[in-house]
There are 2 protein chains.
Amino acid sequence: MIVGTVAFDAIETPFGKKDKIVGGAATYIALAASQFNVDSAIVSVVGDDFPKSYLEFLETKNIDTSGIQVIPNGKTFFWSGKYYNDLNSRDTLATELNVLADFKPIVPENFLQPDFLMLGNLHPSVQMEVIRQIPKRPKLVVLDTMNYWMNNAWDELMEVLKKIDVITINDEEARQLSGEYSLVKAAQKIFALGPKYVVIKKGEHGALLFYDGKVFFAPALPLEEVFDPTGAGDTFAGGFIGYLAGTHDISFENMKRGVIYGSNLASFNVEKFGTQRMEYLTKPEISDRLNEFKQLTQFDIELQ
Amino acid sequence: MIVGTVAFDAIETPFGKKDKIVGGAATYIALAASQFNVDSAIVSVVGDDFPKSYLEFLETKNIDTSGIQVIPNGKTFFWSGKYYNDLNSRDTLATELNVLADFKPIVPENFLQPDFLMLGNLHPSVQMEVIRQIPKRPKLVVLDTMNYWMNNAWDELMEVLKKIDVITINDEEARQLSGEYSLVKAAQKIFALGPKYVVIKKGEHGALLFYDGKVFFAPALPLEEVFDPTGAGDTFAGGFIGYLAGTHDISFENMKRGVIYGSNLASFNVEKFGTQRMEYLTKPEISDRLNEFKQLTQFDIELQ
């Protein structure tokens, strides 16, 4: 089960501009997870300006959209951003919460026993409300958040962090959350806040998975061109939890594979604007790229 | 054979300050390479203010120092720099070329047939002069350079790049040398300048090895603390060529191991000020850390 935004985005990158395309954390997460033959469902909210055809498209990917509330006469959440030449820095040009402002998540009855729960980036009190509605604790709860909630809802964030297993955040957010510059020290401080697993996303520099004194690193694939980084972090998270859900295995060894798959899918996501690339991504393409990841990282040295 | 500076450094980091310690690219390279049971020799220049005891110490590591010219009444090259909190940015406070200003490299007769030649960061015309003095082409020539020479000796740099096999540079330098932001595209442009292998060092984000359409990535070890990054790039290069020289194998598979060893040794170098850590580094420590690199990067996914 995936909780998160379903949205409209306007995006400008050095390669072009899109005025109004489908976006939102839950959309990216669900599209990534759909690659792993899992039954998934989104809990979210949109206005009645959101295209019914896109919800139907998500259904074709085995994503249950019946938990997406459609608010009559409501306007869908809208985000607009502009990326600069290095694609690592961006300005948010507009954030119109619209129907998200009064969002009260309602987990449909048939979703009340998810094995895997993904809490996409949203107000931590919404994330907490979803946890409260689920009677039996899922096998794994993954939470994504961002600096905005650290600045504006610190106490609520601290509460929800106590209830989860895995946090996925980027490097700057990990530093802000922990007050530590070193990511190794940051992970140690974040463990003390609740999560047993800390995943730190470093964009083009890959991602680190910390657990119980151990650390694993998934590189980003070196790409000739990054077209649009929007949704790469959500795609990473969706690939991670989707792989774990598809294999029903939450061992650390399998989580290593999960972050490799997350990085794998994110490397596709950035090839086109918005969700475009993920919409027609095929399993053979993912498998070929997995081979590239192996060639990129695997070496053979005998320990003496 | 190693060509490069042997110097005094003054370093300030958030962890402390050293007014005058031994540094220089050739020193770091030679200390790293000395871990691989190779017969190495330095071609360089110092003033008679340089401690004879340090040259004797290098000799105990099987580093021949007879090619280091000692200039009577000369002052050793001096560099001073200050690092800021993130240790990724630094200011150069002083560069006093001293005896380096008139350095005419002289390769001693007994060094004239090196199998492996490391051209440390120096004026490209000095690097070229060393290549000229060696009658038989070495098995492998590795060159390190920096943005300073791109700004001030472009034509000479272009000449020497035609004569080498491997270039090691950092990400910003690769971008400047190629005019490309994407490191994949940068490597392609740099191939066209001469090198068959391009190694791009990304500091705390690891290093990429490009060759013939293939790419391999060696991560940096995530560290709790980086004490002083001075010499990390030179140590990386010394570990790389030292491992290749010690194994007499310049296949791409072995170069992958070389960049892992380079990253391994660099992770030690940054633990203490200057060359301090490398002076007492032991083989069992390197072997233990190699195991950490394996755990950090190796995963097991069946390709479908």
Side-chain angles (χ1 to χ4, degrees), chain A residues 14 85-88 171 175 180-188 200 202-206 208-210 214-226 243 252-261 264 283-284 286-288 290-304, chain B residues 14 85-88 171 175 180-188 200 202-206 208-210 214-226 243 252-261 264 283-284 286-288 290-304:
Chain A
N85 277 331
D86 69 0
L87 292 160
N88 281 326
D171 42 0
R175 286 176 175 133
E180 291 286 351
Y181 184 80
S182 153
L183 297 179
V184 176
K185 286 186 177 176
Q188 287 161 0
I200 301 179
K202 304 198 296 169
E204 62 166 322
H205 301 302
L208 289 161
L209 164 65
F210 292 92
K214 295 193 271 284
V215 56
F216 179 71
F217 177 74
L221 200 71
L223 296 170
E224 283 202 28
E225 242 161 43
V226 171
Y243 178 76
F252 183 62
E253 278 307 308
N254 208 46
M255 285 203 187
K256 291 182 182 179
R257 297 179 195 115
V259 292
I260 292 288
Y261 272 105
N264 182 329
K283 287 191 176 59
I286 296 169
S287 190
D288 284 351
L290 182 58
N291 203 18
E292 289 185 57
F293 272 87
K294 283 196 166 190
Q295 290 174 2
L296 181 66
T297 59
Q298 304 303 284
F299 59 87
D300 173 31
I301 303 182
E302 287 304 310
L303 285 176
Q304 275 135 26
Chain B
N85 278 329
D86 68 0
L87 290 160
N88 281 326
D171 41 3
R175 287 176 174 131
E180 292 286 349
Y181 184 80
S182 153
L183 298 179
V184 176
K185 285 187 178 177
Q188 287 161 359
I200 301 180
K202 305 198 296 169
E204 61 166 323
H205 300 302
L208 289 161
L209 164 65
F210 292 91
K214 295 192 272 282
V215 54
F216 179 72
F217 177 74
L221 200 70
L223 296 170
E224 283 202 27
E225 243 163 42
V226 171
Y243 178 76
F252 184 61
E253 278 308 308
N254 208 46
M255 286 204 186
K256 292 182 182 179
R257 299 180 195 114
V259 291
I260 292 288
Y261 272 104
N264 183 330
K283 289 192 175 62
I286 296 169
S287 191
D288 284 352
L290 182 59
N291 204 18
E292 290 186 57
F293 272 86
K294 283 196 165 188
Q295 289 172 6
L296 181 66
T297 58
Q298 302 304 284
F299 60 87
D300 173 29
I301 303 181
E302 287 303 310
L303 285 174
Q304 276 133 26

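Letters go in sequence order (proteins before strands), and every chain restarts at 1. Owing to the predicted nature of the structure, the values given are computational and were not obtained by experimental measurement.
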Nearest heavy-atom neighbours spanning V259(A) and A218(A):
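Nearest pair, atom of V259(A) first, then A218(A): O-CB, 3.7 Å.
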
If every non-hydrogen atom of N264(A) is compared with every non-hydrogen atom of L290(A), which pair is closest and at what distance?
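Residues N264(A) and L290(A), closest heavy atoms: ND2-N, 3.5 Å.
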
Donor-acceptor check, side chain of T297(B) to backbone of F293(B), threshold 3.5 angstrom: yes or no?
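It does hold such a pair.
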
Sub-3.5 Å donor-acceptor pair from the side chain of R257(B) to the main-chain atoms of D300(A), do we have one?
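The answer is yes, because a donor-acceptor pair under 3.5 Å joins these two groups.
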
Check whether any side-chain heavy atom of P222(A) sits under 4.5 Å from a side-chain heavy atom of L183(B), and report yes or no.
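A side-chain contact under 4.5 Å is absent here.
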
Side chain from CB out, backbone as N, CA, C, O: work out which of these in [X] comes under 4.5 Å of a heavy atom of chain A, or both, or neither.
X	value
Q295(B)	backbone
L223(B)	backbone
N254(B)	neither

Heavy-atom pairs under 4.5 Å with chain B, option from K185(A), K256(A), Q188(A), E224(A) with the top count
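Among K185(A), K256(A), Q188(A), E224(A), the one with the most close pairs to chain B is E224(A).
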
Please verify the inter-ring angle class for Y261(B) with Y243(B); under 30° counts as parallel, over 60° as perpendicular, anything in between as tilted.
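Parallel.
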
Part of [X] within contact of chain B (heavy atom distance under 4.5 Å):
X	value
Y181(A)	side chain
I260(A)	side chain
K202(A)	side chain

